[in-house]
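This report refers to the structure that appears directly beneath it.
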Amino acid sequence: MTLAITNTLTGKKEPFKPLGDPVTMYVCGMTPKDRPHLGHAFMFVHMDVIRRYLEYRGYAVRHIQNFTDIDDKIIDRARAAGRDPLDWAREYTEAYFEVMDRLHVRRAHEYPLVTGNIPGIIHDVQELIDGGHAYPTSTGVYFDAATFEDYGALSGRTAEDGAAGARIAVDEEKRDPRDWALWKLDNESSVTWESPWGRGRPGWHIECSTMIRRTLGEQIDIHGGGADLLFPHHENELAQAEAATERHPFVSYWTHTGLVLTDGEKMAHSLGNFTTTADVLTDVPPDVLRLYLLSVHYRSTLQFSPAAIEQTRAGYERLLAVMRAKGESVDGDCNELDVELSAARQAFDAAMDDDFNAPRAIGALFDFGRAINRLSPASSAADVSSAQSVFTSLLGVLGIELHEPDAASDDATPFIDLLVQVRRQLREARQWELADTIRDDLGALDVVLEDTPDGTVWRRG
RNA sequence: GGCGACGUAGCCAAGUGGUAAGGCGGGGGUCUGCAAAACCCCUAUCCUGGGUUCGAUUCCCAGCGUCGCCUCCA
């Protein structure tokens with residue numbers, strides 16, 4: 001089987017052929033101006049799954065993700081709060097890690113910052129000027145879009161589209177409405193740097209081109225980011241990179257994640273309609289949220305719905321139940337579980353090979369879980385536990401871990417055990433009403449009792 | 001206005017030119033003292049109208065609806 005990845009540039013699923021070893025992957029990270037919302041969680045979780053699956057397939061992956069730690073919004077917000085912009089950015093960078101760690105988003109190998117790449121950015125801007133792709137004006141340095149023949153290829157927009165859609169105030173000094181700032185002159189803000197063109201700071205798009213070049217090289221395998229960055233950000237990034245290096249393609253596979261909608265519109269900091277990831281995690285376990293985010297293909301739009309998360313919670317319970325299955329057969333030479341096991345692996349791989357189809361992969365795992373439950377009475381303990389370990393390892397490729405709600409450290413445990421003991425005696429005495437009352441009352445306290453042939457077991461509900 | 005995406009059961013959501021995964025919910029059953037969990041069975045003809053085809057939910061056109069990008073944005 002071959003892994004195929006949809007490439008935004010061509011709009012097609014293409015067989016994955018890495019440039020070399022390791023596979024190079026760049027993900028457009030956050031501008032840490034506010035706390036990460038569910039849109040961020042969706043994107044980073046899906047990108048994490050892409051990386052995990054590549055590693056599962058045996059590729060070594062070098063994953064780089066930036067932080068745009070200085071930009072207009074950060075400066076504005078910090079100034080309004082009377083704070084230092086860099087300090088502001090650090091605070092929300094921490095907020096990012098706090099929440100993504102809980103969601104098991106694996107850390108990138110490096111997190112370059114704009115503020116740590118100024119010399120490289122200045123070098124690259126100068127190179128574009130020298131190459132005839134950029135020019136200085138009284139407000140900064142601009143990229144000359146007309147000098148890059150393929151401009152618009154990624155987002156599928158022509159020069160005419162650009163002109164027609166130009167709603168931004170026309171800058172008389174720009175040669176073309178499509179041109180954008182590589183360097184912004186600025187003598188007022190606290191965070192500026194000297195440059196050959198005057199004091200200022202980088203434009204947004206150039207940072208990614210520079211960081212990719214410095215950390216991964218002139219051409220990379222995979223570039224990820226939200227669909228809202230396709231234009232102009234990625235279009236410009238591509239133009240800057242290829243104009244500077246004259247190497248094509250800059251990126252082999254452009255992967256864009258769908259956007260998260262809330263009440264029918266895009267969730268965004270700027271719209272003020274966002275639900276923070278941390279907020280959701282106050283009452284939704286991280287693995288449940290992760291399962292929810294992965295229940296939609298990465299390229300699709302996710303319509304955020306608390307009700308759907310609740311449904312996912314129930315689905316997660318079902319996954320947990322698979323781990324409670326026990327092999328009961330002593331002579332157990334039932335090999336049906338082996339058959340199911342290899343079928344599950346195959347279905348999982350096929351789904352993920354097909355453009356990282358996590359929803360389908362999850363479906364395959366639910367099938368596998370049902371098979372484990374069904375076959376466990378006729379299988380040996382060893383076979384069941386090895387099936388379960390494959391089950392958890394495949395879930396692990398999706399970054400989903402199975403955790404029973406923790407009861408071990410609970411002070412109430414001895415008392416619950418005691419009640420269960422008393423109830424056992426009541427049941428032996430056929431005192432059903434009292435026994436049921438204990439069960440119901442414990443249930444109201446989120447302690448679930450199940451009477452099995454081997455006795456009563458209880459767990460946190 | 002330009003460009004693009006999407007519209008699948010009560011809900012979430014995959015997918016295919018030959019009558020549609022999975023999860024939640026609902027109904028029935030097995031098991032159980034009764035439950036719970038688990039297991040088994042049932043629960044959709046794929047927005048509308050044309051067209052192409054032996055045959056379309058899947059391809060093409062139009063319409064309706066929703067969303068995104070064109071400005072900062074994951």
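Protein chains get the first letters and strands the later ones, always in sequence-line order, with residue 1 at the start of each.
- Note on A:T31: a side-chain N or O is less than 4.0 Å away from OP1 or OP2 of B:A74.
- The side-chain tip of A:R318 does not point at the ring of A:F366 from less than 6.0 angstrom away and within 45° of straight on.
- Relative to the side chain of A:R370, the nucleotides B:G22, B:A14, B:G33 differ in distance, and B:G22 lies closest.
- For the pair A:K266 NZ and B:C72 C1', the computed distance is 9 Å after rounding to whole Å.
- Look at NE2 on A:H234: it is 23 Å from P on B:C3, rounded to the nearest Å.
- Comparing A:M30 and A:L261 by the nucleotide of RNA chain B whose heavy atom lies nearest to each, the residue mapping closer to the 5' end is A:L261.
- Only A:L449, A:E450, A:D451, listed by number, bring a heavy atom of residues 444-455 of chain A to less than 4.0 angstrom from any atom of RNA chain B.
- Under the Watson-Crick and G-U wobble criteria, each requiring two contacts below 3.5 Å, nucleotide B:G33 is left unpaired.
- The phosphate of B:C39 has OP1 or OP2 within less than 4.0 Å of a side-chain N or O from A:N373.
- Here A:R299 does not reach the OP1 or OP2 of B:C6: none of its side-chain N or O atoms lies under 4.0 Å away.
- Put simply, A:K326 has no side-chain N or O that comes within less than 4.0 Å of OP1 or OP2 on B:A38.
- With contacts defined as side-chain heavy-atom distances shorter than 4.5 Å, the pair A:Y111/A:N66 does not qualify.
- Under the 4.5 Å side-chain criterion, counting only non-hydrogen atoms from C-beta, A:D72 is in contact with A:R201.
- Residues A:V296 and A:P232 both approach RNA chain B. Their nearest nucleotides, taken by heavy-atom distance, put A:V296 toward the 5′ side.
- A straight line from CG of A:D367 to P of B:C40 spans 10 Å, rounded to a whole angstrom.
- Between the side chains of A:H37 and A:T276, not a single donor N or O lies within less than 3.5 Å of an accepting N or O.
- Ring stacking is absent between A:F42 and B:A74, as the pair misses the limits of under 5.5 Å between centres and under 30 degrees between planes.
- Residue contacts shown for A:V260 include a base, since a base heavy atom lies under 4.0 Å away.
- Between A:Y53 and A:Y56, the gap from one ring centroid to the other is short of 6.0 Å.
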What's touching nucleotides 24-28 of chain B from the protein side, N or O pairs under 3.5 Å?
none

